[in-house]
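To keep things clear, I will list the structure first and then write my remarks on it.
Source: prediction; values computed, not measured. All heavy atoms count here, side chains included; hydrogens, waters and symmetry mates do not.
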Amino acid sequence: MDPLTTTDQARLEGEQRRLRLQILGLNNSEAEATFDRVARLAASFTQTPLAMVNFINDERQMFRGMYVPTASPDDKADPDGGGIVFDLSSVAREVPNDYGFCPHVVAQGSQLALDDVFDYPRFKGNPLVNDMGVRSYLGTPLRDNTGMILGTVCVADTKPRVWDRKIREGMQELTETLLADFKLRDSLLAQQQELFAVFDGAPFPIMLTEGPNHLLRYANGKQGAAFGMVPQFSPGRMALPGLESIGVFNAMDEAFHTGRAATLPRAQISTYDVPQPQEFSFLCTPVRTSPGAPISGVLTVAMNITGQALIGAEQQAFAANVQERFERLGSGGVAAAFPGQRV
């Protein structure tokens with residue numbers, strides 16, 4: 001029976017992978033230097049034209065690491081050798097779950113080596129063969145530090161080849177180097193939880209969102225009381241229409257895409273906890289899940305300035321201080337973010 005056959009167990013495992021990827025900040029197809037580097041090393045080690053670090057949830061595959069060739073005018077087709085001329089420089093970093101061979105690696109939980117795809121009727125009709133001319137494939141399960149399979153590190157060639165023991169073991173060792181990255185992410189997440197415990201007692205709304213769609217990762221009690229409680233990882237724009245209508249998410253867009261803090265200095269909104277409309281100033285700061293990683297989300301602090309000509313200097317300094325210390329988590333942890341004091 002095909003391990004990809006839809007079953008309750010397969011759906012559950014896919015949902016668990018999606019949740020784990022969301023927690024780690026990896027549930028999207030944004031390129032990341034660490035994973036691109038591993039893909040490049042895999043291609044170099046195996047002497048293959050195509051390599052990927054592929055994360056797989058219950059809906060899609062996301063190539064956060066990729067190495068692909070660029071066709072040259074001097075390239076020539078070699079029908080006898082099974083090779084074809086192709087340019088993969090514009091390959092998308094996201095594909096459906098029925099594309100390629102990586103989902104089979106995840107489903108079976110072990111390395112998959114196809115010396116010649118045409119020798120396997122089950123695989124030869126795969127879109128990867130027709131679209132990209134793949135004739136051989138080697139995929140290794142990518143496990144995190146908890147043992148969960150999150151995807152694969154894989155290589156492929158446009159001609160048949162033998163994946164010998166040395167290559168297979170080398171790919172396994174290369175894949176295991178990513179354990180350190182997952183451990184670091186978990187460490188930073190644990191530190192964030194400590195910081196969130198401090199935020200829970202803050203006298204103003206705070207929320208942390210993830211990715212360009214601003215999925216809600218965390219909100220303190222004041223955020224929920226003022227603007228509404230929503231499920232974790234809900235798309236912010238749809239879940240918080242009041243904030244969207246006054247332009248908060250436009251400021252968050254600016255912070256996420258420019259990598260610089262953005263401000264919505266004054267906006268009026270009806271809140272759930274006060275009968276009259278209130279005026280707020282919103283400060284949005286881009287954040288990262290690990291040192292050197294791309295922007296992963298935005299920390300937004302809302303200050304109630306109703307009746308004030310300007311946001312209070314003390315409040316403004318306090319909010320800026322919170323955001324600065326949150327950013328310092330990646331390089332020094334909670335001890336560095338809060339040296340000997342509490343917010």
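In terms of modelled atom types and a separation under 3.5 Å, the side chain of N145 and the main chain of L179 share no donor-acceptor contact. S234 contributes no side-chain N or O that, together with a main-chain N or O of V230, makes up a donor-acceptor pair within less than 3.5 Å. Under a 3.5 Å cut-off, the side chain of R266 and the backbone N or O of F280 do not form any donor-acceptor pair. A side-chain donor-acceptor contact under 3.5 Å links N126 to the backbone of L128. At least one donor-acceptor pair under 3.5 Å links the side chain of S136 to the backbone N or O of K159. The main-chain N or O of Y99 is found under 3.5 Å from a side-chain atom of Q61 such that the two form a donor-acceptor pair. Panel note: side chain E32, backbone T34; no donor-acceptor pair is recorded below 3.5 Å. Panel note: side chain T258, backbone E254; a donor-acceptor pair is recorded below 3.5 Å. Without hydrogens or angle criteria, S296 side chain to V287 main chain gives a donor-acceptor distance under 3.5 Å.
Heavy-atom contacts from other residues, nucleotides or ligands closer than 6.0 Å to OH of Y218 number more than 12. For Y120, the OH atom counts as densely surrounded, since its 6.0 Å shell holds more than 12 non-hydrogen atoms of other residues, nucleotides or ligands.
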- Take L243 and F282, measure what side-chain contact (heavy atoms from CB on, under 4.5 Å) needs, and give me the verdict at the end. CA-CA 10 Å; L243 297 184; F282 294 86; 4.0 Å; yes

- Task: Starting from the C-alpha separation in whole Å, work towards a yes-or-no answer on ring pair (Phe, Tyr, Trp, His ring centres under 6.0 Å) for F123 and F118.
- Result: CA-CA 7 Å; F123 295 124; F118 287 3; over 10 Å; no

- Please lay out, stage by stage, how F227 and Y272 fare under the test ring pair (Phe, Tyr, Trp, His ring centres under 6.0 Å). CA-CA 6 Å; F227 307 125; Y272 289 94; 8.5 Å; no

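Separation of the F35 and F55 ring centroids falls under the 6.0 Å cut-off.
Of the N and O atoms on the side chains of E173 and T177, not one donor lies less than 3.5 Å from an acceptor on the other residue. In the model, Q111 has a side-chain atom that pairs as donor or acceptor with a side-chain atom of T140 under 3.5 Å. R64 and N28 share a donor-acceptor pair across their side chains, judged by distance under 3.5 Å alone. Between the side chains of E279 and T306, no donor N or O sits under 3.5 Å from an acceptor N or O.
Ion pairing between R135 and D119 fails under the 4.0 Å rule for side-chain N and carboxylate O. Between D98 and R60, none of the side-chain N atoms (NZ, or NE/NH1/NH2) sits under 4.0 Å from a carboxylate O, so this pair counts as no salt bridge. By the 4.0 Å N-to-carboxylate-O rule, R11 lies too far from D58 to be salt-bridged with it.
The aromatic rings of F249 and H214 sit tilted, their planes meeting at an angle between 30° and 60°.
Separation of atoms CZ (R161) and CG (L138) is listed at 9.0 Å; rounding is to 0.5 Å. We find the CE-CD1 distance between M303 and I206 to be 9.0 Å, quoted to the nearest 0.5 Å. The SG atom of C284 lies 9.5 Å from the CG atom of D253; values are rounded to the nearest 0.5 Å.
Here the closest heavy-atom approach between residue R185 and residue L24 is recorded as NH1-O, 3.2 Å.
Between L21 and L150, some side-chain heavy-atom pair lies under the 4.5 Å cut-off.
With F233 as the aromatic partner, R217 does not meet the cation-pi criteria of under 6.0 angstrom to the ring centre and within 45 degrees of the ring axis. The cationic group of K222 does not satisfy the cation-pi geometry with F204, failing either the under 6.0 Å distance to the six-membered ring centre or the 45° limit from the ring axis.
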